[in-house]
2 protein chains.
Amino acid sequence: MLSDRQRMILNAIVDNYIHSAEPVGSRTISKREDIGFSSATIRNEMADLEELGYLEQPHTSAGRIPSTKGYRFYVDNLIQPQFLSQVEVEKLKKLFADRIHHFEQVIESTAAILSQMTNYTSIVLGPEIFEHRLKHIQIVPLNAAQAVAIVVTHTGRVENKLFDLPVGIQASEIEKLVNLLNSRLRDVPFWQLRQRLYQEIAGEMQRNMEQYAEILQVIEDSFSKDESDRVLLRGATKIMEQPEFRDVEKVKDILELLEQNDKVIRLFGSPSQGMQIRIGQENHLEAIKQCSVITTSYYLEGKPVGMIGILGPTRMEYSKVISVLDFLAKGLSKILNEQ
Amino acid sequence: MLSDRQRMILNAIVDNYIHSAEPVGSRTISKREDIGFSSATIRNEMADLEELGYLEQPHTSAGRIPSTKGYRFYVDNLIQPQFLSQVEVEKLKKLFADRIHHFEQVIESTAAILSQMTNYTSIVLGPEIFEHRLKHIQIVPLNAAQAVAIVVTHTGRVENKLFDLPVGIQASEIEKLVNLLNSRLRDVPFWQLRQRLYQEIAGEMQRNMEQYAEILQVIEDSFSKDESDRVLLRGATKIMEQPEFRDVEKVKDILELLEQNDKVIRLFGSPSQGMQIRIGQENHLEAIKQCSVITTSYYLEGKPVGMIGILGPTRMEYSKVISVLDFLAKGLSKILNEQ
DNA sequence: TGTTAGCACTCCTGCTGATTGAGTGCTAAA
DNA sequence: TTTAGCACTCAATCAGCAGGAGTGCTAACA
């Protein structure tokens, strides 16, 4: 579709614009060492690229900036993998070196480092509890009317839920139920739990099933923790460092979006698709039509269980972000599988 | 110190500025119904008030705006309590009506409502666990090397901590220890726990104290959960709606501050002092010298255990904010004491 | 003596028009 | 096919000017 020279010029323009944030003119490109053509030639090519939809002109006498289509072509065809510097790799490795940390802490550090290294906003979706295995169930009565259900996973995650006790139930009965559950359901993965829960109990104590129904429901609820609690965000204010976001109005919409976990979750695509890049208008949410989102998954036992990503301006250092994300996702997967 | 008329004029100026965000001139004041003087008279008084440090002039031919000292006088002497409208009271009452909610949820709703009703940023410091009483301790081994310590309070809060098991310890020994702790320490308030922990154990099992020292340490750690996890924030972006914060630079510093929980905690003063108001330069943090912070405490059994507050521009609707904060703090205290 | 009308003065704000300069598109020549 | 040259466009900048809001001061008035 595009000639070699056009690709070269498009690449040069995007590169330049990413670093300068100014529309780039033909002379700037022709001066670059790797381009051996005069500004007039570049101008002709630029006009063609604009006609094809890869470039845009803010106004008649300005330089060109990449369109969404232009970025897309750049990302799909022109980008070359950027290797992280030795210093950066060391920094990242250190993050994963300290195994003593609780996994939650590793996730938090990941988010922090991700934002710090890229200077964009990092978003992290914690591991789905789905793949975890049950280690322990406990019900602690607080008083005559209330109790807390506690569920521990094999990775050391603890979920809990406060609930009202069914009237007239005996403490001893609860204990019996919990003991039974613990003996039968230990090491069962969460995705099987719902099914097994009723199956195991049904055989043992058909008699007063309805008695326990309420409690079983609560335990079931504890398994499926609120999705939006999985979201972690760092460096939300980084976007303000970008010259094209000097305007409070633009920034406000973005930051308001980031305050809503349920919407942030929707920035992540399907976890099974590896590295995903959504550029500018490719995003469905109005607030971030001038932003790009790059996400990728990390894995447990070969299955994607969580995601990490970056939100930045469309004028983003794509190749660097991709490298860092890739490195961190692999690191996380490794840690997760070792536990 | 100030004459009645000066107080009246200062009050009018602050009121006006709070709602208009524009420097207010003498004519504006003299036109108000409650003021019976000509603009010239007002001008003289204004000049005096400026000399006394209560007002400032952005430039020679502009109106006056209140100085920090001016706001301080306004807050301390001029403000009159604003009663919430029936609609607002209903709205707030509804928040507390639904007792089924977990206390954490009430705290979250409080933060949300606080921000929504005032249109400023709300900051909430969750209840100090200090005053809670122990209900249950549990240690769940995950594998040969690791375990999770779980502590449940009488209000249904669950704290947990992952830790490495001391080598060579028997599961049965742990169970014995936990059983002992549960039988001896139930209903002991957290502030006594550290002391009682060693006291109770020492009598029973002097023999292998050093064996258990590590585990006791972990349990102790679980009591004193990280302070910064207590912070909850809502409506961080509200500040951007204020005309004096249209500038990204100003806003950035504030939002960066709000991203750091440890710094947000420092916005709260001592919990024992009731309603606290820090205006503009009275704040120590550079980023919020153009903001005001109002905080107050909520109580459990007569003791302050947590705080709620508002961060907004110095040009804040003080009387409204104070009313809402007061109402919510009392509501929270009531709920907390009923559980 | 306190209040106020009047007036000169200051300074911000918004508008206009001229200038500059970066960058373009087109044409004609190499 | 490439490129030098040139006319053209348009945003950005700045000086200059008018308008207006608001002040401080003075002198007159009750």
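Since this is a predicted model, take the numbers as computed values, not measurements.
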Query raised in the report: For B:I279, which residues count as a side chain to side chain contact (heavy atoms under 4.5 Å, CB included) partner, sequence neighbours excluded?
Result: B:T68, B:Y71, B:R72, B:V75, B:I277, B:E282, B:S292, B:T314, B:Y318

Report summary line: For B:S270, the side chain to side chain contact (heavy atoms under 4.5 Å, CB included) test, sequence neighbours excluded, returns B:S272, B:Q273

Any side-chain heavy atom of [X] sitting closer than 4.5 Å to one from [Y]?
X	Y	answer
B:D15	B:R32	yes
A:E88	A:K320	yes
B:Y74	B:I79	yes
B:R5	B:T41	yes

For DNA chain C, find the residues of [range] with a heavy-atom distance under 4.0 Å and give them by number; none if there aren't any.
range	value
residues 54-62 of chain A	A:Q57, A:T60, A:S61, A:A62
residues 3-26 of chain A	A:G25, A:S26
residues 34-47 of chain B	B:F37, B:S38, B:A40, B:T41, B:R43, B:N44

Query raised in the report: Have B:R234 and B:S115 got a donor and an acceptor in their side chains that come within less than 3.5 Å?
Result: no

Query raised in the report: Do any side-chain nitrogens or oxygens of A:R64 fall under 4.0 Å of OP1 or OP2 in C:dT24?
Result: yes

Integer-rounded Å distance: [N] [atom2] and [X] [atom1]:
X	N	atom1	atom2	value
B:R27	C:dG6	CZ	P	13 Å
B:E51	D:dT23	CD	C1'	15 Å
B:I65	C:dC12	CD1	P	14 Å
B:D48	C:dG2	CG	P	12 Å

Report task. Applying salt bridge (charged side-chain N to carboxylate O under 4.0 Å, His left out) between A:R64 and each of A:E51, A:E50, A:E56, report the one that passes. Result -> A:E50

Report task. Can you see which heavy atom on A:G63 is nearest to which on A:P58, and at what distance? Result -> O-CD, 3.4 Å

Query raised in the report: With sequence neighbours excluded, what pairs up with A:F73 under the ring-ring contact (aromatic ring centres under 6.0 Å, His included) test?
Result: A:Y54

Requested in this report: Nearest 0.5 Å please: distance from the CD1 atom of B:I308 over to the CD1 atom of B:I123.
Outcome: 10.0 Å

